[in-house]
Amino acid sequence: MAEEQEDTTFQMITPPNHLKSKVKVIGSGDGIDMEAVARAEAAISELSVEFDDWLADEVERLGKAQERAAREGITGEAGDEFFRVAHDLKGQAGTFGYPLITDTCASLCRLFDSIKDLESQPDSVIEKFARLAENHVFTVRALVSGQIKDISHPMGKKLTQELYATTLKFIERFLPGEDSGK
Amino acid sequence: MGSMHFDRMRFVIADDNAHMRRIIRAILHSLGAREIHEAEDGAVALEMIENQQPDILITDWVMPVIDGIELVQFIRNPKGRCPFLPIIMLTGHTEKRRIQEARDAGVTEFLAKPISATSLYERIISVVEMPRPFVKAKGYFGPCRRRQVKNHKGQNRREKDNVIIDDGEDAHTQIMV
């Protein structure tokens, strides 16, 4: 009986809001200080002189992670690290001014994310998976070396779109029903 | 409401990527924040939260040792030290099921990368201006996952039979059956 009561009972709690008392509110408006936003954008812009170096570091990390996965096997910890690095680069490349690298890494993450149990797949599928993942790394390197940043570059657009289409086909063909990233 | 400055607020940033931490720090600093602590993984963040008692946690999802979701789950312990800590999850994950997973863990706000100064600012304002009530139920403790209560067109079952049972200290509690 008590258990039934527990199952159907929940509490709504209004937590103490100390934040409002800590926030300095100046003037009127919708909360956003456009001058502060401009300052923040300027700060990012100041950092942007370092973005190319940062991007180079991240792309090198991606290459090393892929090489390690090729050596040790993509299904274990090396594969997990490969995914983490790709995921990092997906999140950062857009900020660094390379949205096409974000798209490429999004495709790579989708590939990883579509697989619940890669080690139980036949070796042939694992090999194809590893090769397709490696192609994403080649594409990222090509985008960096060609300074291809966004879809205004026709070849870059075609390259990344075809890679994504290939990835989706792979998922559909070899891992039907596994993709839950939609 | 005027424009908000955060010079008296304490932030913890948890992200294993040093570059991303620098970007977030630069944005927060420009928005007035002066006390910003950085953690390179979830375990360090957890210790920092215990020691620094931040006002807001900004965390990545994919991190070594303890990832962002595990970190949120550790924090959202009703008997923990700061179970109500506002948490902004900053991540490259954009899939619906991932967002659902983050919400189910108890994330307050979700911000997809790549981030911008405006998007982070808006999330912080949202945390300050529209704090979510918390729900304590079997299997879940965290912010109410139905922020849009005012726009909800269906029957609002949570408005039924609510009884105020506790108004102690500074948290306000209702129990609903």
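Throughout, a chain's letter reflects where its sequence line sits, starting with A, and its residues are numbered from 1. Computation of the quantities below employed the complete heavy-atom set of this structure, encompassing side-chain atoms and omitting hydrogens, waters and symmetry-equivalent molecules.
Looking at A:Glu50, only its side chain comes within 4.5 Å of chain B, counting heavy atoms on both sides. For A:Asp80, no part sits under 4.5 Å from any heavy atom of chain B, backbone or side chain. Of the atoms belonging to B:Arg22, heavy atoms from both backbone and side chain fall under 4.5 Å from chain A. Using a 4.5 Å cut-off between heavy atoms, B:Leu28 does not touch chain A at all. For B:Tyr140, no part sits under 4.5 Å from any heavy atom of chain A, backbone or side chain. For a residue to count as touching a neighbouring chain, one of its non-hydrogen atoms must lie under 4.5 Å from one of that chain's; by this rule B:Asp7 touches chain A with the side chain only. For B:Pro143, no part sits under 4.5 Å from any heavy atom of chain A, backbone or side chain. Contacts between A:Glu58 and chain B at a heavy-atom distance below 4.5 Å involve the side chain alone, from C-beta outward.
Within a 6.0 Å sphere centred on CD of A:Glu77, heavy atoms belonging to other residues, nucleotides or ligands number more than 12. The number of heavy atoms from other shown groups lying within 6.0 Å of CD (B:Glu101) is above 12.
Ring geometry for B:His19 versus A:Trp54: interplanar angle under 30°, hence parallel rather than tilted (30 to 60°). Taking the six-membered ring for Trp and thresholds of 30 and 60 degrees, B:Phe11 and B:Phe6 have ring planes more than 60 degrees apart, a perpendicular arrangement.
If you tally non-hydrogen atom pairs under 4.5 Å between each of B:His29, B:Met63, B:Arg10, B:Arg98 and chain A, the highest count goes to B:Arg98. Per-residue counts of heavy-atom pairs under 4.5 Å with chain B were compared for A:Lys90, A:Arg39, A:Lys22; the largest is that of A:Lys22. Ranked by heavy-atom pairs under 4.5 Å with chain B, the list A:Ile44, A:Val37, A:Thr102, A:Val23 is led by A:Val23. Heavy-atom pairs under 4.5 Å with chain A were tallied for B:Met9, B:Glu122, B:Lys113, B:Arg8; the largest tally goes to B:Arg8.
Under the side chain to side chain contact (heavy atoms under 4.5 Å, CB included) test applied with B:Leu90, the options B:Thr59, B:Ile13, B:Ile24 reduce to a single match, B:Ile24.
Under the 3.5 Å distance criterion, with hydrogens and angles disregarded, no donor-acceptor pair is assigned to the side chains of A:Thr160 and A:Thr104. With 3.5 Å as the limit, one finds no donor-acceptor pair spanning the side chains of A:His18 and B:Asp55.
The distance between the ring centers of A:Phe51 and A:Tyr98 does not fall below 6.0 angstrom.
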